[in-house]
Novice: 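Mind having a look at this structure? Questions to follow.
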Amino acid sequence: MLEALNPQPQDKILQLIAMFREDDRAEKIDLGVGVYKDATGLTPVMRAVKAAEKKLWETETTKTYTGLAGEPAYAAALTGLILGEGHSARAAAIATPGGTGAIRQALELIRLARPGAKIWLSNPTWPNHPSIVKYLGMPLAEYRYFDVATSGIDFAGLIEDLNNVPEGDVVLLHGCCHNPTGANLSPAQWDEVIAVLRARGAVPLVDLAYQGFGDGLEADAEATRKVAAAFPEALIAASCSKNFGIYRERTGILIALGTPERKAVVQGNLNFLNRQNYSFPPDHGARLVTMILEDAALRADWQAELEEVRLNMLNLRRQLAEELRKATNSDRFDFVADHRGMFSRLGLTEAQVVRLREDHAVYMVGDSRINIAGLNARTVPVLARAIAAVL
Ligand code: PMP
């Protein structure tokens, strides 16, 4: 049996990590992998997470199974963080292993409810989106998103493509901090996208993986909230990996918004999907998130630390844009300061990305996506000079 297997294509980012590890140049800079790093290159455990873990260790009396959907308190707390109040009557939800698990379950729910529905993805998008859609055998389409010339949004192209979405298809939208580009819709552009998709009768699937990494916890949820309010039905796949720094705990949620009358049936189907795929969802990360969100002091401390993280990345963006101005004697890279989230696509060619790696020990993804958090005050000017050298 096993001899029938073909090798799977290597994940580009994991390949990059391996190459970085093997590079023995001391000055090497890793801008590839998508985790937050502080100025010392560490991905820290957040203070509130540590405190919640300690409290949990002291008070936890059992590790018996949770419910199939996870703990109701987790869904309530996280739905509140994402959507604010007022949706509980129409929101069914399941805890999932990370945001990836939430996306996977969202797609499986779509396949159950509307077999044959096409999934529309932004071009470009997080590579795992098309990968999972294809793996599930679901039809896929792309809508224009990024304007290579300006490193901003190709809004005319995007609207034109969304105007061709057939009724009943699903459109995946990045709630904030678009990965891989860093270019995001303005509030007015969101309104227009929502109006078009409503007119088309499309169903939105929002991927919210970076709430708190862009313009702030509330601001980053704004678009998702608008979607929730505007559509009779919407799916939201959210991740706590980044904003709680609990990547390996695999903590996510899928929220399915519909009518209150359908909620019980939708919830039953979500539970069924958890049961088929892994039975009970992981609990540790979800429990920490619940404890933090329900405790005023822990929540305040978490928010303060998350805000430090956000401002640190914003600062690095401003510094990098400034250094690139100096190094290239142009405003070509000013967009770096306007982008939001952990990533920016710089608009370099593959050959330039290779030269950055080979000649300057700077590692970034082949499409010239950089992880802003991989930089610090010392390496920002180094990167700017290296980029200027390969232009
Ligand atoms: N969506 C996007 C856009 C992402 O970038 C990521 C993480 N890289 C995820 C979802 C899923 O994150 P996780 O499964 O680690 O929670």
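When a ligand or atom number is given, it counts from 1 through the structure's own listing order.
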Novice: Does a donor on one side chain and an acceptor on the other come within less than 3.5 Å for Arg369 and Asn179?
Specialist: yes
Novice: Assess, by modelled atom type and distance only, whether the side chains of Ser330 and Thr328 contain a donor and an acceptor separated by less than 3.5 Å.
Specialist: yes
Novice: Quick test of your reading of the model: are Lys55 and Glu58 salt-bridged, counting only N-O distances below 4.0 Å?
Specialist: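 No, no charged N to carboxylate O under 4.0 Å.
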Novice: Identify, chain by chain and in numerical order, each protein residue with a heavy atom under 4.0 Å from an atom of ligand 1.
Specialist: Gly98, Gly99, Thr100, Ile103, Trp126, Asn179, Asp207, Ala209, Tyr210, Ser239, Ser241, Lys242, Arg250
Novice: Could you state whether Leu314 and Leu306 fall into the same hydrophobic cluster, counting links through intermediate Ile, Leu, Val, Met, Phe, Trp or Tyr residues with side-chain heavy atoms under 4.5 angstrom apart?
Specialist: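 Different hydrophobic clusters.
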Novice: Between Tyr36 and Asn312, do the side chains contain an N or O donor and an N or O acceptor separated by less than 3.5 Å?
Specialist: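 Yes, side-chain donor-acceptor contact under 3.5 Å.
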Novice: Using a 6.0 Å cut-off, check whether atom CG of Asp331 has over 12 heavy atoms from anything other than its own residue.
Specialist: yes
